[in-house]
Amino acid sequence: MAHSHVIGGESLSQAPPQIRTIGLADLKDALARGLDDFLAMPSHAVFLCLIYPVVGFVLARIVLGANVLPLLFPLAAGFALIGPLAALGLYEMSRRREQGLDVSWKHALDIRRSPSLGAIMVLGLLLVAIFLTWIAVAQAIYVATFGYAPAASMPDFARQVFTTPEGWMLAIVGNFVGFLFAVVVLTITVVSFPLLLDRDVGLAVAILTSVRAVLANPVTMAFWGLIVAALLLIGSLPAFLGLAVVVPILGHATWHLYRKVIEPDLSDRPRFYEPRLREQRHAADFPAALFPTRRKQ
């Protein structure tokens, strides 16, 4: 039963989420709303994303120290593949702000109470698997082009890439294959994580809805992918530190993009779990306050 709920969600008989057609103006508005969320909740967003530049810096050091320099660019580019997973807390913060709920940083972890937590975890593991596959493929492309001999230094590696036919082949093939990986991840995750946070639909419906959203808006989603890639590249340039700003803005913007692409659910199905507010108790009520009271009907 647990496995079927992860795949199918609350009910396999539900009507699938309805897809809207959006345009470039909607992307601009989603980014503006994402920036507004970031400015309204900067400490939370930066706190959630500090791990991003830190991990990037550590990975860069590991790559340089392990003398596997050719993997530095694939690792940096591969962050886009796990970005939708890293931004989970940001989606939740935008969701809460949208509904006028408390947006203190502790609520970023409220996703653990989501009825779709199992599906979220499986989809996250899928992204990690895609990321690791990309790294392995990038390594294989380098070996097929230059052999097993590592680059002696950064200048030597740059010279090999930009001044030799093998280097140009590596750049062309590597970027093309990386583009294919990015298209796959964009297609299966552009709205799937926000949808799982918003509704108990299950993994299969979330991925299928994301695919349908891309197919219904191919040009707009292509522009969205280019925007994400460009902003991540800009954020990666100063030793990955810019990602502490770029990632939260993109994360919040992705939530608003989801709202624009997916029709709202007007049914009376249960929503994301919200803890009940505690009833105020007074010292004069002791010891009766120790026992639960009936709510008035």
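In what follows, residues are counted from 1 in the order of the sequence shown.
Side-chain contacts under 4.5 Å among hydrophobic residues (ILVMFWY), followed directly or transitively, place M121 together with L117.
Every side-chain contact (heavy atoms from CB on, under 4.5 Å) that L123 has, sequence neighbours left out, goes to L126, S192, F193, L196, L203, I207. Partners of I249 by side-chain contact (heavy atoms from CB on, under 4.5 Å), not counting sequence neighbours, listed by chain and number: L35, F38, V245. For Y91, the ring pair (Phe, Tyr, Trp, His ring centres under 6.0 Å) criterion is met by no residue, not counting sequence neighbours. A search for side-chain contact (heavy atoms from CB on, under 4.5 Å) contacts involving T209 returns P17, I19, V191, L195, V205, R212, I262, not counting sequence neighbours.
Both V219 and V214 are assigned to one and the same hydrophobic cluster, defined by single-linkage of ILVMFWY side chains at heavy-atom distances under 4.5 Å. V128 and I135 fall within the same hydrophobic cluster, where Ile, Leu, Val, Met, Phe, Trp and Tyr residues are linked whenever their side-chain heavy atoms come under 4.5 Å apart, directly or through other members. Hydrophobic clustering of Ile, Leu, Val, Met, Phe, Trp and Tyr side chains at less than 4.5 Å, counting indirect connections, unites L24 with W224. No path of Ile, Leu, Val, Met, Phe, Trp and Tyr side chains, each step under 4.5 Å between heavy atoms, connects I141 with W168, placing them in separate hydrophobic clusters. The hydrophobic clustering, which links ILVMFWY residues whose side-chain heavy atoms are closer than 4.5 Å, places L208 and L215 apart.
Considering only heavy atoms from C-beta on, V190 comes within 4.5 Å of L257 through its side chain. Under the 4.5 Å side-chain criterion, counting only non-hydrogen atoms from C-beta, T254 is not in contact with P84. Residues L232 and V247 meet the side-chain proximity criterion, which asks for heavy atoms closer than 4.5 Å. Looking at heavy atoms from C-beta onward, M93 lies in side-chain contact with H252 at the 4.5 angstrom threshold.
Judged purely by atom type and a 3.5 angstrom limit, Q99 has no side-chain atom pairing as donor or acceptor with the backbone of R97. For S210 (side chain) and A206 (main-chain N/O), no donor-acceptor pair under 3.5 Å exists by modelled atom type.
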Kindly indicate, with the supporting measurements, whether the criterion ring pair (Phe, Tyr, Trp, His ring centres under 6.0 Å) is fulfilled by Y258 and W255.
CA-CA 5 Å; Y258 157 73; W255 173 263; 5.2 Å; yes
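For S94 against H256, the heavy-atom pair with the smallest separation is OG-NE2, 4.3 Å. Summarising the geometry of L127 relative to T189, their closest heavy-atom pair is CD2-CG2, 3.7 Å, with the distance given to 0.1 Å.
Screening residues 241-260 for salt bridge (charged side-chain N to carboxylate O under 4.0 Å, His left out), with sequence neighbours left out, gives D26-K260, D29-K260, E98-R259, D198-R259.
To the nearest 0.5 Å, atoms CG (N217) and CZ (R20) are separated by 11.0 Å.
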Only pairs under 3.5 Å count here: list side-chain donor-acceptor contacts from residues 169-188, not counting sequence neighbours, and write none if there are none.
residue	atom	partner	partner atom	Å
N175	ND2	A171	O	2.6
T187	OG1	V183	O	2.7

